[in-house]
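Before any comments, here is the structure.
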2 protein chains.
Amino acid sequence: MVEKKKTRIKIRNEEKILEAALKLFSAFGFHGTTMEKIAELADMSQPNLHNYFKTKADLYEAVLNDILTLWVDPLGNLDVEGDPETELRQYIFKKIEMARKYPEASRIFAGEMLQGAPILMHHLKGQVRMKVKAFATVIESWARQGKIRPVDPVHLVFMIWASTQHYADFMPQIRAVMDVARLNKADYDAAAESICSIIVNGLKP
Amino acid sequence: MVEKKKTRIKIRNEEKILEAALKLFSAFGFHGTTMEKIAELADMSQPNLHNYFKTKADLYEAVLNDILTLWVDPLGNLDVEGDPETELRQYIFKKIEMARKYPEASRIFAGEMLQGAPILMHHLKGQVRMKVKAFATVIESWARQGKIRPVDPVHLVFMIWASTQHYADFMPQIRAVMDVARLNKADYDAAAESICSIIVNGLKP
DNA sequence: CCTACCGATCGGTAGG
DNA sequence: CCTACCGATCGGTAGG
């Protein structure tokens with residue numbers, strides 16, 4: 001059997017396809033992306049893609065699943081024992097950093113939302129809701145202890161997610177308004193700092 | 001000439017087409033929407049659409065232009081003479097109300113952003129930047145007068161836009177997390193109230 | 001993994 | 001404003 005060699009190439013190719021697909025799907029959406037373009041970017045023939053992913057829809061789902069772990073998981077959680085200011089700052093900076101490092105992932109999720117999240121709905125009701133519940137528990141505990149002002153934790157988490165992901169999803173508007181060709185790390189940090197200062201101060205008792 | 005009668009029907013049909021196109025483009029994107037489907041929803045034959053809009057791209061642009069006035073304009077502005085809390089509350093509630101009443105408009109803009117805003121870029125560098133400049137002037141004036149804490153006005157306005165539009169653009173996630181089939185007016189108001197309280201308190205000197 | 005190719009869909013036009 | 005239809009594109013398969 002020469003399976004070993006084949007398998008290594010297969011794995012490499014699968015990665016190349018997923019990478020190319022992520023870039024194109026995030027930039028042009030599902031219907032705006034052709035298998036031909038993905039094949040081109042992955043440096044393969046178009047029919048060959050179907051040896052790795054049966055259909056275009058399968059490939060799209062694979063891309064979504066691929067980034068789901070990367071997107072939802074490493075977010076971590078607030079430590080109820082920690083100081084609200086420190087914990088929230090950490091959380092917000094982590095989110096901004098993800099918008100900076102993985103803008104395609106952010107955009108593909110946003111695109112899914114805009115279209116009603118047909119594929120992601122299942123995860124939204126599972127993983128994502130759990131994340132929010134955990135977040136809410138900590139916020140409510142802090143409020144009870146008088147460490148922060150009482151606030152609806154669900155709207156708070158939406159506010160944080162929206163404000164941070166905005167820097168990936170609405171990039172063209174941000175570049176146009178700020179009049180820069182590209183945002184550098186300092187710009188993202190300044191954004192995170194602004195968001196932090198408003199939210200942290202906004203939650204002071 | 002029977003032009004008068006014809007014109008009236010033509011105007012009515014054009015409206016029907018634009019309405020149908022807005023719904024479908026916002027739900028499925030440009031490439032995910034077919035002229036056939038638009039025709040169906042507008043209750044006309046597909047070839048007849050081309051009598052009103054030469055190409056699909058033209059129709060799409062017409063939809064964008066149509067909502068641009070509705071979206072950017074009536075936002076109004078902050079009154080520098082006014083009380084920061086009152087003014088910001090009004091602004092945020094107006095934005096949430098727009099997300100509630102015109103979610104399709106919000107989503108079509110978001111979709112455009114995700115794809116790099118090829119058509120909207122011109123307006124982003126014009127109208128939208130002007131709006132931000134005007135907003136920034138008021139914020140900075142308030143900060144100088146000591147009415148609010150100094151804060152980067154650009155990041156502040158992005159924060160407000162992102163947080164409010166989120167309730168239109170990320171509807172599926174919001175419904176899944178809140179575990180409701182539909183958000184009613186009270187839900188939107190509660191969201192606006194949460195956003196307001198954090199931002200207004202966050203800006204207190 | 002490639003060449004060749006099919007069937008379906010879609011935007012747009014002709015012609016009345 | 002309709003019927004009929006064309007040309008191009010695209011996802012996917014056959015067969016080797």
Side-chain angles (χ1 to χ4, degrees), chain A residues 1-64 108 111-112 115 118-119, chain B residues 1-64 108 111-112 115 118-119:
Chain A
M1 295 238 259
V2 276
E3 285 262 331
K4 206 153 191 182
K5 212 170 180 181
K6 254 190 188 170
T7 301
R8 197 150 19 211
I9 293 178
K10 282 216 171 194
I11 289 172
R12 173 78 192 110
N13 275 346
E14 205 174 299
E15 279 168 5
K16 269 167 51 178
I17 295 170
L18 285 167
E19 199 187 312
L22 170 62
K23 273 193 189 134
L24 294 172
F25 281 139
S26 76
F28 306 109
F30 180 78
H31 296 286
T33 303
T34 67
M35 293 297 268
E36 180 61 44
K37 288 276 179 198
I38 297 173
E40 233 171 78
L41 193 59
D43 210 33
M44 325 177 37
S45 73
Q46 179 261 335
N48 195 19
L49 288 191
H50 294 279
N51 290 324
Y52 293 87
F53 300 93
K54 210 159 56 98
T55 67
K56 187 186 178 186
D58 286 345
L59 172 53
Y60 183 72
E61 261 200 70
V63 170
L64 276 186
I108 248 187
E112 265 297 291
Q115 312 220 354
I119 297 169
Chain B
M1 293 238 260
V2 276
E3 284 262 330
K4 208 153 190 181
K5 211 170 179 181
K6 253 191 189 169
T7 301
R8 198 152 17 213
I9 293 178
K10 282 216 171 195
I11 289 172
R12 173 77 193 110
N13 275 345
E14 205 174 298
E15 278 168 6
K16 269 168 50 180
I17 296 170
L18 284 167
E19 201 188 311
L22 170 62
K23 274 193 189 134
L24 294 172
F25 281 140
S26 75
F28 306 108
F30 180 78
H31 295 286
T33 302
T34 68
M35 292 297 268
E36 179 62 45
K37 289 275 178 198
I38 297 173
E40 232 171 78
L41 193 59
D43 210 32
M44 325 177 37
S45 73
Q46 178 260 337
N48 194 18
L49 287 190
H50 294 279
N51 290 324
Y52 293 86
F53 300 93
K54 211 159 54 101
T55 66
K56 186 186 179 185
D58 286 344
L59 172 53
Y60 182 72
E61 261 199 70
V63 171
L64 276 186
I108 246 186
E112 265 297 290
Q115 312 221 352
I119 297 170

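In what follows, chains carry the letters A, B, and so on, assigned in the order in which the sequence lines appear, proteins first and then strands, with residues in each chain numbered from 1.
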Worksheet item: Looking at B:Glu15 and B:Arg12, does any basic side-chain N land under 4.0 Å from a carboxylate oxygen?
Response: yes
Any idea which of [options] is nearest the [X] side chain?
{"X": "A:Asn48", "options": "C:dG12, C:dC1, D:dG11", "value": "C:dC1"}
{"X": "A:Asn13", "options": "D:dG11, C:dG12, C:dC1", "value": "C:dC1"}
{"X": "A:Thr34", "options": "D:dG11, C:dG12, D:dG12", "value": "D:dG11"}
{"X": "A:Lys56", "options": "D:dC2, C:dT13, D:dG11", "value": "D:dG11"}
{"X": "A:Pro47", "options": "C:dG12, C:dC1, C:dT3", "value": "C:dT3"}

Worksheet item: Should D:dG16 form a Watson-Crick or G-U wobble pair with both distances under 3.5 Å, which nucleotide is its partner?
Response: C:dC1
Worksheet entry | Base partner of C:dG11, which must satisfy Watson-Crick or wobble distances under 3.5 Å | D:dC6
For the pair made of [atom1] in [X] and [atom2] in [N], what is the distance, rounded to whole Å?
{"X": "A:Met35", "N": "C:dC1", "atom1": "CE", "atom2": "C1'", "answer": "15 Å"}
{"X": "B:Asn51", "N": "C:dA14", "atom1": "CG", "atom2": "P", "answer": "12 Å"}
{"X": "B:Glu40", "N": "C:dG11", "atom1": "CD", "atom2": "P", "answer": "12 Å"}
{"X": "A:Met44", "N": "C:dC1", "atom1": "CE", "atom2": "C1'", "answer": "8 Å"}
{"X": "B:His31", "N": "D:dG11", "atom1": "NE2", "atom2": "C1'", "answer": "16 Å"}
{"X": "A:Glu36", "N": "D:dG11", "atom1": "CD", "atom2": "P", "answer": "9 Å"}
{"X": "B:Ile17", "N": "C:dG11", "atom1": "CD1", "atom2": "P", "answer": "14 Å"}
{"X": "B:Leu49", "N": "C:dG12", "atom1": "CG", "atom2": "P", "answer": "10 Å"}

Discussion item. What's B:Asp58 touching, base or sugar-phosphate or nothing? Going by heavy atoms closer than 4.0 Å.
Written reply: nothing
Worksheet item: How would you label the contact of B:Phe53 with the nucleic acid (heavy atoms, under 4.0 Å): base, sugar-phosphate, or nothing?
Response: nothing
Worksheet item: Hey, does the side chain of A:Ser45 come within less than 4.0 Å of C:dC2's phosphate (OP1/OP2), counting only N and O?
Response: yes
Closest non-hydrogen atom pair, [X] against [Y]:
{"X": "B:Phe53", "Y": "B:Ala62", "result": "CE2-CB, 3.7 Å"}
{"X": "B:Leu49", "Y": "B:Met35", "result": "CD1-O, 3.3 Å"}
{"X": "B:Lys16", "Y": "B:Asp43", "result": "NZ-CB, 4.3 Å"}
{"X": "A:Thr33", "Y": "A:Lys56", "result": "O-NZ, 2.7 Å"}

Discussion item. On the side chain of A:Gln46, is there an atom forming a donor-acceptor pair with the base of D:dG12 - under 3.5 Å, no angle test?
Written reply: yes
